[in-house]
There are 2 protein chains.
Amino acid sequence: MSNAPAAAQALAVLQLLARHAEPMPAAAIARDLGLARSSTYHLLNVLRDAGFVSHLGDDQRWGLGVAAFELGSAYSRQAPLQRISRPVLSRLVDRTTHNAHLVVLHGRDVLYVIEERAQGRPSLVTDVGVRLPAQLTASGLAILAVLPPQQVRALFASRDDFVQRHGRGPTSLTALRSELSQVRTRGYAIEQDSVTPGLASVGAAALDHNGLPAAGIAVTYPYERVAPAEREEVVDAVRRAAADLSRRLGHR
Amino acid sequence: MSNAPAAAQALAVLQLLARHAEPMPAAAIARDLGLARSSTYHLLNVLRDAGFVSHLGDDQRWGLGVAAFELGSAYSRQAPLQRISRPVLSRLVDRTTHNAHLVVLHGRDVLYVIEERAQGRPSLVTDVGVRLPAQLTASGLAILAVLPPQQVRALFASRDDFVQRHGRGPTSLTALRSELSQVRTRGYAIEQDSVTPGLASVGAAALDHNGLPAAGIAVTYPYERVAPAEREEVVDAVRRAAADLSRRLGHR
DNA sequence: TCCGCCTGTCTCGGATGCGAGACACGGCGG
DNA sequence: CCGCCGTGTCTCGCATCCGAGACAGGCGGA
């Protein structure tokens, strides 16, 4: 049984600050987490001393500190999947000239773990570290399509598990299954306007040595400005990248 | 006086794991941090439950978890400097067709906070979140060159403060001052082979509303393959990017 | 100007977190 | 096969951490 409440509280503070777009007052942190105000200050001072939190004295607010950034960067450098995937993604971007990203499945969400901008494309509004519902993204659909069906059913056990975005996305397990069946037939997943209006994505899954999806890889493009022939090339490139990554992950 | 030792210990565990390239056994974590073994397990279990650490059961080792990545990503999305700098860097990469990066000064080191790859260039070996001695990097030299001289002296108070890499870099305050003087005269900083053999960098500082350096911005290129005319264009682009970022930061 | 509210720091006694150590299990080498 | 060593989990008594609350200072509104 874990027995270090102060440690857990410190992590809860970090995760609360991560969820807030702006720095927070200490009293709000204490209230939101149900901590004693004096304990909150103790925790914040420990976090500040280690650099995980910084105190914006003028505003009397507390925000994440640079050590949080360094910790996340260390994870990115260490994580085998990210290390292996980076060159694959770079080649995909160079080949398609569109932005590309890599996701992993976490619960019913996908987590964006790498994003790379293509030359001349908009500066990335950093989506790395962001979670989105898997069924609303091409990369997520590609992953779900190769999951065992009972696992998909377990993930989406009730209607409450379905969320929409911009009025799009499946609203039942039957609808989701139908869509996943199309993904499998087609060999790749597509998504349009669900994440960002005006943008479409083509996604495919990368499998590990057990034949299970380790990641989803996708390219995003403005669909009104990409001709069908170019789109076919994007599809081809995405599928090749997914196959390349699968091989690197020991698949088959 | 901060008073939550378990919180501090949890953070120390995270920072230890961040410094290690590979996951570690619990006993090594306990030994390295001088913690009781049983307490170490408590801490690791708290960290694991929150997702900051993952346990690799097959190997009986503990490594950073995905929540560390999410925390670092949240910082990057929130940090004003990073948000403001990203489009500037993207334009610099597109214009020069070489990899570029942004650093901030931390103590005597620079911390790499953004790196962006250019099309056709090598996949980035992620240097984001890495620290290097400021005096060995073009971006760091550019920052030091516009720091008040007494601050430079305070940073490099003794000969022990000077480190070299690949046999390069200043070894005394006098040598450093001479180099900074050249940077100021030239208007930009250059570095060659100090960080990575075969690569050179051109760097310039971005100033904030107080006229102090908020960041260093640099482009890295293989110097044997870049003609003098192209190098002049790189210099021009870096200086323009630094000036653009300075304006965005409220300078002048 | 005064008062109320918020921030940050500190006190101190009792509840609880910490750590020394025990136990069970698995793997490896002699 | 057996013993040793390392891993992970658990116990329990005492030292110390936690939290209720006090205090000081700053700010804004009436």
Side-chain angles (χ1 to χ4, degrees), chain A residues 1-68 78 80, chain B residues 1-68 78 80:
Chain A
M1 186 54 210
S2 51
N3 183 22
Q9 287 159 13
L11 301 177
V13 170
L14 289 176
Q15 289 180 320
L16 178 66
L17 291 177
R19 290 199 295 274
H20 273 250
E22 303 293 331
M24 299 176 70
I29 296 169
R31 191 194 62 230
D32 285 2
L33 296 179
L35 301 176
R37 203 164 65 81
S38 62
S39 297
T40 304
Y41 279 100
H42 285 310
L43 290 171
L44 287 168
N45 286 330
V46 167
L47 288 161
R48 186 202 59 213
D49 291 346
F52 280 90
V53 158
S54 59
H55 184 227
L56 316 177
D58 293 345
D59 299 326
Q60 295 176 331
R61 288 169 186 261
W62 301 76
L64 289 176
V66 74
Q78 292 171 7
Chain B
M1 186 57 208
S2 52
N3 185 23
Q9 286 159 11
L11 301 178
V13 169
L14 290 175
Q15 288 180 318
L16 178 66
L17 292 177
R19 289 198 298 273
H20 274 250
E22 302 292 332
M24 298 177 69
I29 296 168
R31 191 195 63 229
D32 285 1
L33 296 179
L35 301 176
R37 204 162 67 81
S38 61
S39 296
T40 303
Y41 279 99
H42 285 310
L43 290 171
L44 286 169
N45 286 329
V46 167
L47 288 161
R48 186 202 60 214
D49 291 346
F52 280 91
V53 157
S54 59
H55 183 227
L56 316 177
D58 294 344
D59 299 328
Q60 296 177 331
R61 287 169 186 263
W62 302 75
L64 290 176
V66 74
Q78 291 171 9

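Each chain gets a letter, A, B and so on, in the order the sequences are listed, and its residues count up from 1.
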Taking five pairs at each terminus, the helix from C:dT1-D:dA30 to C:dG30-D:dC1 shows an axis bend, to 10°, of 30°
With a 4.5 Å heavy-atom cut-off, do B:Thr40 and B:Leu33 have their side chains touching? no
Output for pair (A:Leu11 CG, B:Leu11 CG), nearest 0.5 Å, gives 7.0 Å
B:Arg48 meets the side-chain hydrogen bond (donor to acceptor under 3.5 Å, both in side chains) criterion, sequence neighbours left out, with B:Asn45
Identify the pairs formed between an N or O of the protein and an N or O of nucleotides 16-19 of chain C at a distance under 3.5 Å, and give each distance.
| from | atom 1 | to | atom 2 | distance (Å) |
| --- | --- | --- | --- | --- |
| C:dC18 | OP2 | A:Asn3 | O | 2.8 |
| C:dG19 | OP2 | B:Ser39 | OG | 2.7 |

d(A:Leu16 CG, A:Ile29 CD1) to nearest 0.5 Å is 6.5 Å
In short, B:Ala7 meets A:Ala10 closest at the heavy-atom pair CB-CB, 3.7 Å
CZ of A:Arg31 to CE of A:Met24, rounded to nearest 0.5 Å, is 7.0 Å
Whole-Å distance, A:Tyr41 OH to C:dC6 P, equals 11 Å
Sequence neighbours excluded, the answer for ring pair (Phe, Tyr, Trp, His ring centres under 6.0 Å) partners of B:His20 is none
In numerical order, the residues of residues 58-67 of chain B whose heavy atoms come under 4.0 Å of DNA chain D are B:Gln60, B:Trp62
Item checked: Any donor-acceptor pair under 3.5 Å from A:Gln60 side chain to A:Pro25 backbone -> no
- Message: Measuring to OP1 and OP2 of D:dG8, would you say a side-chain N or O of B:Asn45 lies under 4.0 angstrom away?
- Response: no
dist A:Leu14:CG -> B:Phe52:CZ (nearest 0.5 Å) comes out at 5.5 Å
Residues of residues 13-29 of chain A with a heavy atom under 4.0 Å from any atom of DNA chain C, listed by number, are A:Pro25, A:Ala26, A:Ala27
Query raised in the report: Mind checking whether B:Val13 and B:Val46 have side chains closer than 4.5 Å, heavy atoms only?
Result: no
Shortest non-hydrogen pair, B:Ala50 vs B:Ala67, comes out as O-CB, 3.5 Å
note: A:His55, atom NE2; C:dT9, atom C1'; distance rounded to Å ~ 12 Å
Quick one: does B:Gln78's side chain have a donor or acceptor within less than 3.5 Å of a partner on A:Leu17's backbone?
yes
Here the distance between atom P of D:dT9 and atom CG of B:Asp49, to the nearest Å, is 11 Å
Atom CG of B:Leu56 and atom C1' of D:dG6 are separated, to the nearest Å, by 17 Å
In this structure, CD of A:Gln15 is separated from CG of A:Leu64 (nearest 0.5 Å) by 10.5 Å
